[in-house]
Undergrad: 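Take this structure first; my questions come after.
Each ligand, and each atom within it, is numbered from 1 in the order the structure gives. Note that the numbering runs from 1 along the sequence shown for the chain.
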Amino acid sequence: MSGGVLAVQFLAKCATDIRERLPNREVDVNYTDEIARAATLLCEARYAVALTGAGISTPSGIPDFRSPGSGLWERVNPVIVASIHAFRIRPKAFFDWVRPLAEKMMAAEPNPAHLALAELEAAGCLQAVITQNIDGLHQRAGSREVLEVHGHVREATCTRCHTVVPTGDFLDDFLGSNEVPRCAVCGGVMKPDVVLFGEQLPAGVLNAAQAHVRRADLLLVAGSHLDVMPASQLPFLVHERGGRIIVVNLMETYIDAAAEVVIHADVADVLPRIARACAQARGEG
Ligand SMILES: [Zn+2]
């Protein structure tokens with residue numbers, strides 16, 4: 001793991017060095033060339049995989065709760081209230097904080113970025129989506145091979161007797177009250193099957209994600225700042241093995257310096273244009 005951290009630091013330094021050496025080049029705000037290049041790379045790839053983060057769901061109205069200013073930091077620090085330690089001690093504080101986020105998640109619909117990735121997969125240009133999101137919007141958009149490394153909100157597990165139930169069983173009661181959801185069998189606190197801060201990632205899902213990454217000769221990073229380990233390390237693993245990287249994200253990431261294509265723009269605008277260019281290249285457009 002420390003090797004990965006060192007590599008990340010090294011790449012970040014390379015990015016700074018390269019920026020300092022480059023003259024101020026005019027950036028095409030439409031990213032026409034970059035989109036065409038990204039489409040070509042996707043069409044040519046033997047095994048392309050996408051890695052998505054909060055930025056792909058913000059156009060669907062789901063705030064990035066790690067970002068101060070999202071409205072979810074007003075009273076508490078999510079890193080503290082959404083930690084497994086805080087959950088065990090004061091579950092009510094967690095559920096009171098998460099209730100407005102859950103409401104937004106339930107009301108959210110997949111946006112054009114989710115749909116574009118589903119379209120690329122259906123066309124055979126993308127093999128899997130690895131996501132840091134818990135909202136299930138990739139599946140609702142039609143993506144089939146989705147690896148949710150931070151868990152999901154479809155089910156919850158009793159913290160006492162480990163009974164698993166669909167969250168739909170208690171969601172309306174939870175949203176309409178101030179109560180902590182309780183297990184119908186033993187009365188224990190129900191925990192949604194999401195990875196809280198300080199918790200291990202689900203090993204099976206993480207292993208499957210890493211297996212896809214080991215096969216990948218192209219990784220499309222979409223809407224992730226790549227600042228949450230260990231998912232943030234996956235692009236480095238692809239790059240290390242000679243694979244190509246495409247980054248579509250509003251802000252810079254550590255892997256930009258090593259990426260073949262970098263587009264700092266809204267994924268909901270860019271990914272459909274890439275999918276369209278791929279379809280045209282296949283003669284379907
Ligand atoms: Zn129970």
Undergrad: Using a distance threshold of 2.8 Å, what protein N/O/S atoms lie below it relative to the Zn ion (ligand 1)?
TA: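 Protein N, O or S atoms closer than 2.8 Å to the Zn ion (ligand 1): Cys158 SG, Cys161 SG, Cys183 SG, Cys186 SG.
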Undergrad: Just checking, is any N or O donor in the side chain of His212 or Glu145 under 3.5 Å from an acceptor N or O on the other one?
TA: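 Short answer, yes.
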Undergrad: Heavy-atom count check: over 12 atoms from other residues, nucleotides or ligands less than 6.0 Å from Arg90 CZ?
TA: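 Result for CZ/Arg90: open.
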Undergrad: Side chain of Asp266, backbone of Ala268: donor and acceptor closer than 3.5 Å?
TA: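 Side chain of Asp266 to backbone of Ala268, a donor-acceptor pair under 3.5 Å: yes, one is there.
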Undergrad: In a table with atom names and distances, give each donor-acceptor pair under 3.5 Å that connects a side chain of residues 106-117 to protein atoms at least two apart or in another chain.
TA:
{"from": "Glu109", "atom 1": "OE1", "to": "Arg140", "atom 2": "NH2", "distance (Å)": "3.0"}
{"from": "Glu109", "atom 1": "OE2", "to": "Arg140", "atom 2": "NH2", "distance (Å)": "3.4"}
{"from": "Asn111", "atom 1": "OD1", "to": "Ala113", "atom 2": "N", "distance (Å)": "2.7"}
{"from": "Asn111", "atom 1": "ND2", "to": "Ile56", "atom 2": "O", "distance (Å)": "2.8"}
{"from": "Asn111", "atom 1": "ND2", "to": "Ser60", "atom 2": "OG", "distance (Å)": "2.9"}
{"from": "Asn111", "atom 1": "ND2", "to": "His114", "atom 2": "ND1", "distance (Å)": "3.4"}
{"from": "His114", "atom 1": "ND1", "to": "Asn111", "atom 2": "N", "distance (Å)": "3.1"}
{"from": "His114", "atom 1": "NE2", "to": "Ser57", "atom 2": "OG", "distance (Å)": "3.4"}

Undergrad: Is the ring pair Phe170/Phe174 parallel, tilted or perpendicular, if the boundaries are 30 and 60 degrees?
TA: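 Judged by the thresholds at 30° and 60°, the geometry between Phe170 and Phe174 is perpendicular.
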Undergrad: I'd like to know if the side chain of His264 pairs up with that of Tyr31 as donor and acceptor (distance under 3.5 Å, no hydrogens or angles considered).
TA: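 No.
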